[in-house]
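Just so you know, ligand 1 is whichever comes first in the structure, and atom 1 is the first atom listed for that ligand.
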Amino acid sequence: MNVRQQIDPSTTHGLDLSEFSRGLYINGAWHASRSGRVIAVTDPSTGKIIASVPDAALEDAAAAVAAASAAAEGWRETAPRKRSEILRRCFDLMVERSEMLAKLISLENGKALRDARGEVAYAAEFFRWNAEEAVRISGEFGRAPAGTNRIIVDYEPIGVCVLITPWNFPAAMATRKIAPALAAGCTVILKPASETPLTAYALAALYEEAGVPPGVVNVLTTSTPGPLTAWMLADPTVRKLSFTGSTGVGRALLAEAAKNVISCSMELGGNAPFVVFDDADLQAALDGAMVAKMRNAGEACTAANRLYVQSGIYDAFAEGLRERMANLKVGAGTDDATECGPMITRKAVQKIDRLVEDATSRGARVLCGGTVGKGEGFFYPPTVLADVSPEAEMAHEEIFGPVAPLYRFETESEAIARANDTEYGLAAYIFTRDVARGLRVASRIEAGMIALNRGLVSDPAAPFGGVKQSGLGREGGQHHGIAEFMEAKYIATSF
Ligand code: NAP
């Protein structure tokens with residue numbers, strides 16, 4: 001039985017998924033793959049196949065690069081106001097279709113509908129924000145220090161961009177790249193994750209409706225991302241690689257991009273510390289922990305991965321977190337009541353299970369959860385572990401699941417040293433009533449983003465990104481995100 005024959009229409013929650021799996025989206029049209037192969041898409045809450053998308057061959061990638069290259073000049077010359085209006089229309093359409101998009105995300109990714117709705121709102125906002133930025137790209141003009149001439153600096157679109165995104169935010173990771181790239185005047189080829197391609201294709205149809213010209217955005221899915229990406233990066237018209245995903249793949253792509261000196265933006269893995277001082281507002285810290293840990297069931301690069309709690313508040317925090325985590329409703333993401341959906345794959349569940357077993361074998365106490373249930377779907381229960389050893393593997397690796405490990409600390413300097421004891425540096429969370437201490441600790445923690453007395457950092461209006469091995473460059477923010485898709489051109493005048 002082939003993949004298409006295995007699809008049971010009753011498993012798609014009223015969505016006609018064939019609409020989002022029409023083909024590769026190249027030059028404004030839907031194409032079958034030249035490989036003739038397909039990639040199966042699974043509902044993580046049942047483990048059943050719900051759709052299939054084409055598995056692009058090298059020739060398809062070549063067609064996508066050719067389309068993006070052919071469209072580049074027209075789009076670059078399109079007036080910023082016109083580009084802005086098209087982006088604004090993308091925002092409006094996303095908002096109009098938000099419920100359908102949220103359902104689709106829930107279905108293929110598994111996340112709870114409430115998280116999916118939040119993602120759609122966040123993802124759409126990148127279009128509104130960049131619609132506003134598109135008309136505010138300015139240059140510089142000044143007199144050379146020697147007084148002999150003037151210096152003009154113009155900002156130009158960098159060129160054709162290859163965008164690669166992960167499965168954990170299928171809409172937002174794509175729009176966080178596409179919107180600034182288009183605002184800057186670039187054309188793009190998006191390669192979404194194989195687990196969650198339907199959202200990317202649903203959005204491609206929406207861009208077209210919003211007036212994005214053929215070839216400006218191309219979307220292709222493939223089971224062989226390595227060779228296809230290497231091929232695309234070797235094309236001389238491709239000038240940018242913007243990647244969001246794991247640090248391991250990011251390192252490999254940086255090496256690949258180096259062969260042709262391609263500009264790279266890298267949004268990579270995290271290992272966020274969540275630091276609670278004795279003087280913190282306990283309820284606010286617990287509220288923050290639930291957001292920082294459980295948004296997307298822990299499948300977020302910004303997820304609190306190590307919860308450091310000072311001795312004086314440790315027991316109360318542990319009990320409060322246990323109570324909240326144990327009472328979460330686990331179920332299919334598409335069920336409106338669900339608070340914690342399934343993990344993306346069985347392999348992800350096995351990894352979490354391995355990390356929890358390792359931690360308990362080193363003395364961690366299970367306060368709730370901790371064992372994989374039986375039955376269909378890729379579920380892992382919300383889990384709190386107390387007294388986790390700093391030697392545990394989960395102290396150094398992304399858990400990417402609903403597991404909150406607690407570590408006890410005594411002093412501020414100890415908390416800072418332990419928070420920084422990682423190769424990652426994406427997000428960090430600090431809870432204290434002492435604002436001066438909060439800012440002091442924030443300045444000493446090695447991370448690109450700090451949340452002070454709150455559990456959420458992401459905001460399209462703020463620069464998102466990491467230091468150390470969490471990445472290079474920023475997305476969103478005033479000028480930051482758009483600057484990743486532009487080159488400065490300096491013109492020296494004769495006067
Ligand atoms: P991943 O395995 O690195 O995959 C990310 C994307 O890269 C997917 O589209 C994947 O395609 C593609 N890919 C894999 N191998 C490739 C190769 N050799 N060449 C080119 N592309 C390749 O990451 P993931 O499991 O999808 O996502 C989870 C990771 O992303 C976590 O580490 C998380 O922290 C990170 N993340 C970071 C941010 C951030 O903003 N810093 C945001 C979200 C997620 P296939 O799906 O076809 O394998």
Side-chain angles (χ1 to χ4, degrees), residues 37 39-42 53-56 61 108-109 111 119 122-123 126 162-177 189-200 219-233 241-257 262 264-272 295-296 298-305 343-345 347-348 351 397-401 422-427 447-449 457-460 462-477 480-481 484:
R37 294 187 308 265
I39 300 171
V41 184
T42 301
V53 293
D55 184 357
E108 65 174 348
N109 167 282
K111 70 176 70 179
E119 178 181 349
Y122 175 55
F126 285 102
V162 171
L163 315 176
I164 303 178
T165 50
W167 49 262
N168 66 337
F169 288 92
M173 296 303 95
T175 62
R176 200 163 78 176
K177 298 182 188 307
I189 300 122
L190 171 71
K191 206 299 285 169
S194 297
E195 287 90 352
T196 55
L198 303 175
T199 306
V219 182
L220 52 83
T221 34
T222 177
S223 65
T224 51
L228 256 72
T229 306
W231 191 94
M232 291 193 280
L233 296 183
L241 169 64
S242 179
F243 172 75
T244 298
S246 60
T247 295
V249 173
R251 282 190 201 110
L253 286 172
L254 280 167
E256 193 60 49
I262 302 283
C264 288
S265 298
M266 293 274 148
E267 295 288 348
L268 307 178
N271 182 5
R295 191 165 67 111
N296 260 13
E299 292 179 316
C301 53
T302 51
N305 208 55
M343 303 295 95
I344 188 73
T345 55
K347 204 168 145 214
K351 177 192 163 182
E397 256 186 71
E398 276 184 301
I399 303 167
F400 240 59
T422 170
E423 67 188 21
Y424 296 103
L426 190 61
M449 298 174 286
V457 279
S458 309
D459 188 326
F464 188 106
V467 300
K468 293 160 82 176
Q469 297 202 29
S470 285
L472 299 168
R474 294 292 181 272
E475 292 191 320
H480 300 87
E484 301 278 328

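- Proximity of L426 to ligand 1, defined as any heavy-atom pair under 4.0 Å, is confined to the side chain (atoms from C-beta onward).
- The side chain to side chain contact (heavy atoms under 4.5 Å, CB included) test with K177 is passed by exactly one of V162, T244, L190: T244.
- Using a 4.0 Å cut-off between heavy atoms, F464 contacts ligand 1 through its side chain alone, with no backbone atom that close.
- The contact set between ligand 1 and F400, taken as ligand atoms under 4.0 Å from a residue heavy atom, comprises 28 (C), 31 (C), 33 (C), 34 (O).
- The proximity of M173 to ligand 1, defined as any non-hydrogen pair under 4.0 Å, is limited to the side chain.
- You'll find the side chain of C301 stays beyond 4.5 Å of the side chain of E267, heavy atoms only.
- Closest non-hydrogen pair, R295 versus S458, comes out as NH2-OG, 3.6 Å.
- Selection from N168, L228, T165 by nearest heavy atom to atom 44 (C) of ligand 1 gives N168.
- The side chain of R176, and not its backbone, has at least one atom closer than 4.0 Å to an atom of ligand 1 (non-hydrogen atoms only; side chain from C-beta on).
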Notebook entry, point to check: After noting the C-alpha distance and the side-chain angles of E108 and T199, does the key distance pass the side-chain hydrogen bond (donor to acceptor under 3.5 Å, both in side chains) rule?
Noted result: CA-CA 8 Å; E108 65 174 348; T199 306; 2.5 Å; yes
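- For K111 and F169, the positive end sits near the middle of the six-membered ring, less than 6.0 Å away and at most 45° from its axis.
- Counting protein heavy atoms only, atom 22 (C) of ligand 1 is closest to P225 CB, 3.5 Å.
- Nearest heavy atom pair, residue I399 against residue N305, reads N-OD1, 3.0 Å.
- With respect to atom 34 (O) of ligand 1, the closest heavy atom belonging to the protein is E398 OE2, 2.5 Å.
- Interatomic distance, I262 CD1 to L233 CG, rounded to the nearest 0.5 Å: 5.5 Å.
- If you look at E195 next to ligand 1, the close heavy atoms, those under 4.0 Å, all belong to the side chain.
- Comparing T222, N305, V249 against atom 14 (C) of ligand 1, the shortest heavy-atom distance belongs to V249.
- Looking at M266 and L254, their side chains come closer than 4.5 Å, going by heavy atoms from C-beta outward.
- Protein heavy atom closest to atom 27 (O) of ligand 1, with residue, atom name and distance, is P166 CB, 3.3 Å.
- Between T224 and D55 the shortest heavy-atom distance is N-OD1, 4.4 Å.
- With a 4.0 Å heavy-atom cut-off, ligand 1 is reached by no atom of A300.
- For atom 38 (C) of ligand 1, the closest heavy atom belonging to the protein is C301 SG, 3.0 Å.
- Residues E398 and S246 are not in side-chain contact: their nearest non-hydrogen atoms beyond the backbone lie 4.5 Å or more apart.
- Distances from ligand 1 to the non-hydrogen atoms of W167 include at least one value under 4.0 Å.
- Scanning the protein heavy atoms around atom 12 (C) of ligand 1, the nearest turns out to be I164 CG2, 3.7 Å.
- Of all the atoms in ligand 1, the ones that sit under 4.0 Å from a non-hydrogen atom of S194 are 45 (P), 46 (O), 47 (O).
- Under the 4.5 Å side-chain criterion, counting only non-hydrogen atoms from C-beta, E195 is not in contact with N109.
- Under the 4.5 Å side-chain criterion, counting only non-hydrogen atoms from C-beta, L253 is not in contact with C264.
- At least one N or O atom of S246 sits closer than 3.5 Å to an N or O atom of ligand 1.
- A172 approaches E119 most closely through the heavy-atom pair N-OE2, 2.9 Å.
- For L253, every heavy-atom contact with ligand 1 shorter than 4.0 Å involves the side chain, none the backbone.
- Distance from atom 11 (O) of ligand 1 to its nearest protein heavy atom, with residue and atom name: K191 NZ, 2.7 Å.
- Of all the listed residues (G466, P227, A252, G226), G226 holds the heavy atom that lies closest to atom 19 (N) of ligand 1.
- Among all heavy-atom pairs drawn from E299 and I344, the shortest one is OE2-N, 3.0 Å.
- The closest approach between T302 and ligand 1 stays at or above 4.0 Å for every heavy atom of the residue.
- Any N or O atom pair closer than 3.5 Å counts here, and T244 shares no such pair with ligand 1.
- Scanning both residues, Y424 and Q469, for their nearest heavy atoms gives CD2-O, 4.2 Å.
- Protein heavy atoms all stay at least 4.0 Å away from atom 4 (O) of ligand 1.
- For atom 35 (C) of ligand 1, the nearest protein heavy atom (residue, atom name, distance) is G245 O, 3.2 Å.
- Heavy-atom contacts of P192 reach the following atoms of ligand 1: 9 (O) (cutoff under 4.0 Å).
- Of the protein's heavy atoms, T229 OG1, 3.3 Å lies nearest to atom 20 (C) of ligand 1.
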